[in-house]
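Notes follow once the structure below has been shown.
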Amino acid sequence: MVAASAPGKLILFGEHAVVFGEPALSMAIDLRTEVFARPHTEWLADGSSLKDEKYRYVRRAVEMAWKGGPLWLEIRSMIPLGCGLGSSAAVTVATLGVATGLQGGSVQPEVIARNAFDIEHGVQGRASPIDTSTATHGSAILVLKEARDGLLWKMEKGDRHWFIHHRDLPPIRLVIGNTGIAAATGPLVEGVKRRVEEDDRAAAAIAEIGEIALEGLRALGAKDFVRTGELMNRNHDLLNLLGVGHPLLDKFVTAARPYSYGAKLTGAGGGGSMVSLTDDPDRVRAAIEEVGGRAFIVETEPRGLEVRA
Ligand code: MEV
């Protein structure tokens, strides 16, 4: 049997704008998805059919990377599904890792990240490589329009391209508030595209989010959490302007802010999750729970994809 695991992610700055090629900053979090695989007489995922829609990322990953007969796959995940924390990227990357490991191949992160991006792009219809690169590499990922120090790889789709960089961030604990509403990323991404085509203010918001991501990285690197928090708050307002907010996210953000440097939705939105940067994670978690949210504390995760026989 071979097992592979990959982390979830949290976007600190730049979701949605990154799909247009703008800069963005994400970090891997200490919630992981693990996939186990062994050859078997029929295809099974958690004892059920791999044809079930909930296994579409797993199915596409084995179709792409596995050349042998049927497999018995077991998937264990600590990442809440469809909540902006990278559950689909993590299961895709871990499945590609397990298929590579089972065939005795050497795991090349760039190849895995590229294949995982192709799969996510295919399922969502439109995507950036930020989630799949973070699940593959771990640590923190900075997406830029050009190559800088720490370049990992470049990805392209049509006329868009992304330079993916490794960044060291100080270890941080962040609070996640989960609405419990799983919103599909594809339609949200498509909705933003339409809005940008029709409304100049939305196009300007995309550009401003890109600038915020760069300034946010500088502020975080200088441990200037006050400025980082202000930028998170502004990023949240701009995401609302792009139409990917949700009343529950605003409610949790409002509850968290008195005890936070900043708070914003994270990931695709439309439900999903928000994140708070704070010195007092327990207080913020309680504040979100007091208004009816599910909250938990996560930490930065240095480990990306790991495969073991
Ligand atoms: C989703 O985690 C992040 C989005 O920017 C989509 C993407 O980058 O593919 C909303």
Side-chain angles (χ1 to χ4, degrees), residues 6-29 31 33 57 60 79-93 113-137 140-145 155-158 160-165 174 176 178-179 181-196 202 205-210 212-213 216 232 235-236 238-246 249 264-275 298:
K9 67 87 187 55
L10 190 158
I11 299 183
L12 278 172
F13 296 107
E15 51 274 272
H16 285 289
V18 69
V19 178
F20 294 80
E22 290 295 330
L25 181 64
S26 76
M27 57 182 231
I29 55 174
L31 299 175
T33 296
Y57 288 96
R60 287 194 185 212
I79 310 168
L81 297 182
C83 281
L85 299 177
S87 58
S88 33
V91 79
T92 306
V93 166
R114 202 170 288 287
N115 288 343
F117 175 41
D118 281 346
I119 291 168
E120 197 160 78
H121 197 277
V123 173
Q124 281 179 28
R126 187 174 151 87
S128 86
I130 194 166
D131 290 11
T132 39
S133 285
T134 311
T136 307
H137 178 70
I141 288 286
L142 175 66
V143 181
L144 291 174
K145 291 178 176 177
M155 301 270 173
E156 287 167 306
K157 271 295 164 222
R160 294 170 297 150
H161 60 259
W162 301 265
F163 291 89
I164 311 289
H165 299 78
L174 293 137
I176 302 286
N178 179 353
T179 62
I181 300 167
T185 303
L188 288 158
V189 167
E190 190 51 39
V192 171
K193 179 168 178 273
R194 266 202 314 279
R195 208 173 264 237
V196 166
I206 294 288
E208 187 180 341
I209 291 173
I212 284 175
M232 288 171 73
N235 196 159
H236 180 77
L238 293 167
L239 287 163
N240 269 335
L241 194 148
L242 291 174
V244 297
H246 188 280
L249 289 170
K264 64 179 272 290
L265 81 78
T266 185
S273 301
M274 50 71 68
V275 56
V298 295

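Being a predicted model, the structure only gives us computed values, none of them experimental. Both ligands and their constituent atoms are indexed starting at 1 by order of listing. The chain is numbered in sequence order, starting from 1.
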Can a non-hydrogen atom of Ala268 be found less than 4.0 Å from any atom of ligand 1?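 The answer is yes: ligand 1 sits under 4.0 Å from a heavy atom of Ala268.
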Using non-hydrogen atoms of the residue, decide whether Arg126 is closer than 4.0 angstrom to ligand 1.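 No, Arg126 has no heavy atoms under 4.0 Å from ligand 1.
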Would you mind running through ligand 1 and noting each atom that sits below 4.0 Å from a heavy atom of [X]?
X	result
Ala127	9 (O)
Ile130	8 (O)
Glu15	5 (O)
Val19	5 (O), 6 (C), 7 (C), 8 (O)
Ile11	2 (O), 3 (C)
His16	4 (C), 5 (O), 10 (C)

Give me the ring orientation class for Phe163 and His165: parallel if the planes are under 30° apart, tilted from 30 to 60°, perpendicular past 60°.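 The rings of Phe163 and His165 sit tilted, inter-plane angle from 30° to 60°.
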Any side-chain heavy atom of [X] within less than 4.5 Å of one from [Y]?
X	Y	value
Leu25	Ile11	no
Met274	Lys264	no
Asp118	Lys157	yes

Who gets closest to atom 1 (C) of ligand 1 by heavy atom: Leu85, Val18, Asp131?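 The nearest heavy atom belongs to Asp131.
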Heavy-atom proximity to atom 7 (C) of ligand 1, best of Gly186, Ser128, Ala17, Cys83: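 Looking at heavy atoms only, the winner is Ser128.
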So, regarding Lys9 and ligand 1 (criterion: nitrogen or oxygen to nitrogen or oxygen, under 3.5 Å), is there a contact or not?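 Indeed, backbone or side chain, Lys9 has an N or O that close.
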Straight-line distance of [X] [atom1] to [Y] [atom2], nearest 0.5 Å:
X	Y	atom1	atom2	value
Leu142	Ile130	CG	CD1	8.5 Å
Leu10	Ile29	CG	CD1	5.5 Å
Ile164	Arg114	CD1	CZ	9.5 Å

Check for me whether the distance between the ring centres of Phe20 and Trp162 falls short of 6.0 Å.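 No, ring centres 6.0 Å or more apart.
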